[in-house]
Chemist: 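Quick one: the structure is below, questions incoming.
In what follows, every chain begins at residue 1, and chains take the letters A, B, ... in the order their sequences are listed.
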Amino acid sequence: MSATSINIINDLESRGLVSQMTSGDELKTFLSRSRTLYSGFDPTAESLHIGNLVPLLALRRFQLAGHTPIALVGGATGLIGDPSFKAAERQLNASDVVEGWVERLKGQVSQFLEFDGGANSAIVVNNLDWVKGVSVLDFLRDVGKHFSVNAMIQKDSVKQRLEREGAGISFTEFSYMILQSYDFAELYDRYGCTLQIGGSDQWGNITGGIDLARRMYKAQVYGLTIPLVTKADGQKFGKTETGTIWLDAAKTSPYTFYQFWLNAADADVYTYLKYFTFLDVATIHDIEVADMAERGKPQAQSILAREVTRLVHGAEGLAAAERISRALFTGDTNTLSREDCEQLKLDGLPNTLLIGGRKNIVEALVETGLASSNKMAREFIANTAVAVNGACVDSPDFDLRIEASLFGRYAIIKRGKKMFHLVCFGA
RNA sequence: GGAGGGGUUCCCGAGUGGCUAAAGGGAUCAGACUGUAAAUCUGACGCGCGAGCUUCGGUGGUUCGAAUCCACCCCCCUCCA
């Protein structure tokens, strides 16, 4: 256990990344030595999303400060479903499906951590590895005995499910906390893991683990939670009209990902810089001061978009995202070269192959998903919200024609200010 | 097992026989204004160019006519056992 370079807690606090922690000052002292910590990610989908990014990056921050991070993928807990602050019982996912997701998530979490084999090289584990072999009787006798149901039902995380009319909670989900607690105790035993971090909704589960580690191993372990990312306007973070912003480039293209951050509200953007980038706090403060003085368009959003996109999709992904954004939002689409058009397609701009040399615009809008129905498509046209290759469409009788396409092959349909779709004429 | 309450359009939530594609709010989308913001204003928001068609947990009835009445079924919640 070597000494660490910086005090990670102070750094996290200055970023506003600490929601709650167990015995604060003691934890700071404790972390002056290199420790092992973990955070869990349940496979609830085939990819992680940007909400998972904060604890994931926090693991990385700890690693940079000299601690050993363990990313736990919840192959077991994912089969149960965490009820914490969830309004309703969730559907169980099939075990073979969850198994597939576990593999995907393992790859994703690994991308953000360093596995150099050094002293604090990261570790990825799956809790199914130790949970699957435990018999029901052993579990109830050795683990369950340490939990008081009286205490469990006091937890805020399940309170609404117990109290609110119209809700309810199954024994399955109620048991989730015990499983997660068991993970912490197990990781303590296996790796000497002494700290668990997670979103603030995880506080109840984390403290459960701390209690269990003490009871099973007489161990003193710690917990720290990170605030849930919020939006100043009170909406749910991480969702757009198109859905969740995933980390998987196949599910959310680097371009869409980049645009998401670019559109962050002024009221949120400086917080996001602290949460989602490794820029130091002083630099972020300077950016904010400069933006204030400028009074025009702030630079924070584009810095945020660049930083996070590079972090998740690499330099290439960022370049692609910027290339598309520039092509679509500056000047008209006619300035694009033929290669640019090809590249847009490769870079993940939504695109559709159009068979035949002609297509009515209303049909095209529906087929490309830019409009949900003919009715909507007509309305967009009536509102002058549709443009093809930079020219506004003024009639629902307008046709996309191969003769009027870019390079005899492409048409870019724009709906509203921000939605673009590339149509490729094909044989 | 018993008693009670409930399932309405993306969400919340009105609506107890025709005037209801179904109030209101939220979310969303478009337009104006802007910074590819925010706030605000305007419009749209089941499907159909339209006549019209299809919706109110499911099925089947009553009726000229049902989200609204009846029967059975499914699901959820509360209390009791």
Chemist: How do A:L262 and A:N374 order along RNA chain B: which one's closest nucleotide is nearer the 5' end?
Modeler: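 Closer to the 5' end of RNA chain B: A:L262.
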Chemist: Base, sugar-phosphate, or nothing: which does A:P298 touch, judged by heavy atoms less than 4.0 Å apart?
Modeler: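 It contacts base atoms.
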Chemist: Counting just side-chain N and O atoms, does A:K418 come under 4.0 Å of either OP1 or OP2 of B:rA37?
Modeler: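 Answer is yes, contact under 4.0 Å.
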Chemist: Quick check for you: among B:rA44, B:rU36, B:rG31, whose closest atom lies nearest to any side-chain atom of A:M376?
Modeler: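 Of the options given, the side chain of A:M376 lies nearest B:rA44.
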Chemist: For the side chain of A:E379, starting at C-beta, report the closest nucleotide among B:rA30, B:rG43, B:rU36.
Modeler: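 Shortest atom-to-atom distance from the side chain points to B:rG43.
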Chemist: Could you tell me the separation between the CZ atom of A:F380 and the P atom of B:rU42, rounded to a whole number of Å?
Modeler: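 Distance check: A:F380 CZ to B:rU42 P gives 20 Å.
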Chemist: A:K375 has an atom NZ; how far is it from atom C1' of B:rA30, in whole Å?
Modeler: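 Between C1' of B:rA30 and NZ of A:K375: 15 Å.
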Chemist: What is the base-pairing partner of B:rU40, counting Watson-Crick and G-U wobble geometry with both distances under 3.5 Å?
Modeler: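 Checking every strand shown, B:rU40 finds its partner in B:rA32, with both distances under 3.5 Å.
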Chemist: For the C1' atoms, the ones on B:rG46 and on B:rA38, what distance do you get once it is rounded to whole angstrom?
Modeler: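 To the nearest whole Å, 32 Å.
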Chemist: Donor-acceptor pair under 3.5 Å: do we get one between A:Q301's side chain and the base of B:rU36?
Modeler: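 In this structure, the two groups form no donor-acceptor pair.
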Chemist: Please measure how far the P atom in B:rG4 lies from the corresponding atom in B:rC72, and state the result in whole Å.
Modeler: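 It works out to 14 Å between them.
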Chemist: Ignoring backbone atoms, test whether A:K417 places a side-chain nitrogen or oxygen under 4.0 Å from the OP1 or OP2 oxygen of B:rA32.
Modeler: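 Yes, A:K417 has a side-chain N/O under 4.0 Å of OP1/OP2 on B:rA32.
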Chemist: Tell me whether the OP1 or OP2 atom of B:rC49 has a side-chain N or O from A:R378 closer than 4.0 Å.
Modeler: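 Checking B:rC49 against A:R378, a side-chain N or O does come within under 4.0 Å of OP1 or OP2.
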Chemist: Please state how far atom CZ in A:F398 lies from atom C1' in B:rC49, giving the value in whole angstrom units.
Modeler: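 Distance check: A:F398 CZ to B:rC49 C1' gives 20 Å.
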Chemist: Does A:K297 make a side-chain N or O approach to OP1 or OP2 of B:rU36 shorter than 4.0 Å?
Modeler: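 So the side-chain polar atoms of A:K297 do come within 4.0 Å of the phosphate oxygens OP1 or OP2 of B:rU36, strictly under.
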Chemist: Rounded to whole Å, please give me the gap between CZ in A:R415 and C1' in B:rU28.
Modeler: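 That distance rounds to 10 Å.
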Chemist: Taking the side chain of A:D266 as its heavy atoms from C-beta onward, which of B:rC47, B:rG35, B:rC29 lies nearest to it?
Modeler: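 Selected nucleotide (nearest to the side chain): B:rG35.
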Chemist: Just by distance, no angles: are the side chains of A:D266 and A:Q301 close enough, under 3.5 Å, to form a donor-acceptor pair?
Modeler: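 Yes - a donor-acceptor pair under 3.5 Å links their side chains.
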Chemist: Please pick, from B:rU36, B:rA30, B:rA37, the nucleotide with the shortest atom-to-atom distance to any side-chain atom of A:N383.
Modeler: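 Per side-chain heavy atoms of A:N383, the pick is B:rA30.
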Chemist: Can you check the distance between B:rC70 and B:rU20, where both ends of the measurement are the C1' atom (answer in whole Å)?
Modeler: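 Straight-line distance between the two C1' atoms is 22 Å.
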Chemist: With a 4.0 Å limit, can you tell me whether A:S373 has a side-chain N or O closer than that to the phosphate oxygens OP1/OP2 of B:rG48?
Modeler: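 Answer yes for this pair, as a side-chain N or O of A:S373 is under 4.0 Å from OP1 or OP2.
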Chemist: Pick the C1' atom in B:rA23 and in B:rG15, then give their distance to the nearest Å.
Modeler: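 About 8 Å, rounded to a whole number of Å.
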Chemist: Given the C1' atoms of B:rG57 and B:rU68, what is the spacing between them in whole Å?
Modeler: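 The answer is 15 Å between these two C1' atoms.
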Chemist: Mind checking the P distance from B:rA14 to B:rG6? Whole angstroms is fine.
Modeler: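 Here B:rA14 and B:rG6 have their P atoms 11 Å from each other.
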Chemist: Hey, are the side chains of A:W261 and A:E307 touching, using non-hydrogen atoms and a 4.5 Å cut-off?
Modeler: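 Sidechains of A:E307 and A:W261: no contact.
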